[in-house]
Trainee: 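Dropping the structure in here first, questions after.
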Amino acid sequence: MPKVSKCDKYLFVHFVGNEPEQERISFAVSEDGYNFKALNNNEPVIMQTKGTRCCRDPFVLRGEDGYYYIIATDMKCTDGWTSNHALVTWKSADLINWTDETIIDIRDYEGFEHCNRSWAPEVMWDKDKQAYFIYWAISTEENDCAALYYAYTTDFKTITQPQLLYERKGIQTIDGDIGYNEKTGYYYLYFKHDEDQTIAYVKSKNLAGPYEEPSVVCSLSPNGVEGSTIYQINGTDTFVMIMDEYGQGTFFMQQTTDFENFKPVNRKSFSFEGVYPRHGSIVAITDDEYDALVKNYGI
């Protein structure tokens, strides 16, 4: 992997709403990990050309090869909440020029021929497998209760046969987000706790599980939340979790050093200027990448 300069800034990749023209990739940036400003006037920076031509829940990562990748839900929600069956991916060397748009159709895999939800993919590098571990929610016409599945990829164009990651019988389980505690060796799988519209977690010593029960509710927002994402504040032991207060048009922010015990961040201490974000993800970027994004899109 090419040497990467110190990453002191942040990029937030998200979408902004439920209309087709809002189901696009939008960017915001931050210098401190708490206060974000929209790029490009919060207008899309990537226009999807394949699949539904609409996407949601984008996840961004810097790959082991030095390239950035985005993977998202290929979905137009005006077609219905049980209408999608694919993921969409892109690749970039500079965060500005995105290529290799690829649709990964989950119906092509055995047992998922009648997939009707393929939602909110995220990715971690599995050093033991030397491959990318993709995990996301799937439901089918035969079993309309979504569970979390995983597969591996090396190219973000094809995946292995999806395998069950975590399921709660009879309860929708979506919006998986995994954090890793290097001190304890535990993986924390956060997800939308559908019973009370909170975020809960289960944990495991293995990325692919099994994950320990019972689940533990950890979100502190007084409002219904979903789409959590956890990221580290550069140079510290602090991890911030943001989540979509989808009924309020706002986001909530809380932080932790051990992945279990959280404290709310005062709403006056974080901001999303010019941004109405929905479910997205955050990646650390270099000063040069930050400056290039601001120069290209405007802030």
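The figures here come from the full heavy-atom set of this structure, side chains too, leaving out hydrogens, waters and symmetry mates.
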Trainee: With clusters defined by side-chain heavy atoms of hydrophobic residues (ILVMFWY) lying less than 4.5 Å apart, directly or transitively, does Tyr69 cluster with Ile134?
Mentor: yes
Trainee: Would you call Asp144 and Arg117 a salt bridge, taking side-chain N to carboxylate O under 4.0 Å as the test?
Mentor: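 Yes, this pair counts.
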Trainee: Look at atom OH of Tyr34 and say whether more than 12 heavy atoms of other residues, nucleotides or ligands are closer to it than 6.0 Å.
Mentor: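 Yes - once you tally the heavy atoms of other residues, nucleotides and ligands closer than 6.0 Å, there are more than 12.
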Trainee: Using distance alone, with no hydrogens and no angle criterion, decide if Thr238 and Gln255 have a side-chain donor and acceptor under 3.5 Å apart.
Mentor: no
Trainee: Just by distance, no angles: are the side chains of Asp175 and His193 close enough, under 3.5 Å, to form a donor-acceptor pair?
Mentor: no
Trainee: Any ion pair linking Arg107 and Glu113 (charged N to carboxylate O, less than 4.0 Å)?
Mentor: no
Trainee: Taking the cut-offs as 6.0 angstrom to the six-membered ring centre and 45 degrees off its axis, would you call Lys205 and Tyr186 a cation-pi pair?
Mentor: yes
Trainee: Testing the 3.5 Å rule here: is there a donor-acceptor pair between the side chains of Tyr201 and Glu212?
Mentor: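 No, because no side-chain N or O of Tyr201 sits under 3.5 Å from a partner of the opposite role on Glu212.
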Trainee: Does any donor atom in the side chain of Thr73 or Asp57 lie under 3.5 Å from an acceptor atom in the other side chain?
Mentor: yes
Trainee: Between Thr286 and Asp288, is any side-chain donor less than 3.5 angstrom from a side-chain acceptor?
Mentor: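 The answer is no; no qualifying pair exists.
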Trainee: For the residue pair Arg56 / Asn18, report whether a side-chain donor-acceptor contact shorter than 3.5 Å exists.
Mentor: yes
Trainee: Can you find a side-chain donor-acceptor pair between Asn116 and His85 that sits under 3.5 Å?
Mentor: no
Trainee: Around atom CD of Glu110, are there more than 12 heavy atoms from other residues, nucleotides or ligands closer than 6.0 Å?
Mentor: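 Check fails, neighbour count at 12 or below.
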Trainee: Between Gln254 and Lys263, is there a side-chain donor-acceptor contact under 3.5 Å, judged purely by atom types and distance?
Mentor: no
Trainee: Checking side-chain polar atoms at under 3.5 Å, does Thr52 have a donor or acceptor matched by the opposite partner on Asp74?
Mentor: yes
Trainee: Quick check: are there more than 12 heavy atoms from other residues, nucleotides or ligands sitting under 6.0 Å from CD of Glu142?
Mentor: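 Above 12, so yes.
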Trainee: Go through the side-chain N and O atoms of Glu260 and Asn181 and say whether any donor and acceptor fall under 3.5 Å apart.
Mentor: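 Checked: Glu260/Asn181 side chains show no N/O donor-acceptor pair below 3.5 Å.
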Trainee: Less than 4.0 angstrom from a charged side-chain N to a carboxylate O is my criterion; do Glu213 and Lys203 meet it?
Mentor: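 Judged by the 4.0 Å cut-off on N to carboxylate O distance, Glu213 and Lys203 do not form a salt bridge.
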Trainee: Do Glu122 and Tyr135 have side-chain atoms, one donor and one acceptor, less than 3.5 Å apart?
Mentor: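 Indeed, the side chains of Glu122 and Tyr135 share at least one donor-acceptor pair under 3.5 Å.
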Trainee: Would Asn261 and Thr256 count as having a side-chain donor-acceptor pair, cut-off 3.5 Å?
Mentor: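 No, because no side-chain N or O of Asn261 sits under 3.5 Å from a partner of the opposite role on Thr256.
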Trainee: For Lys50, is the NZ atom crowded, meaning more than 12 foreign heavy atoms sit under 6.0 Å from it?
Mentor: yes
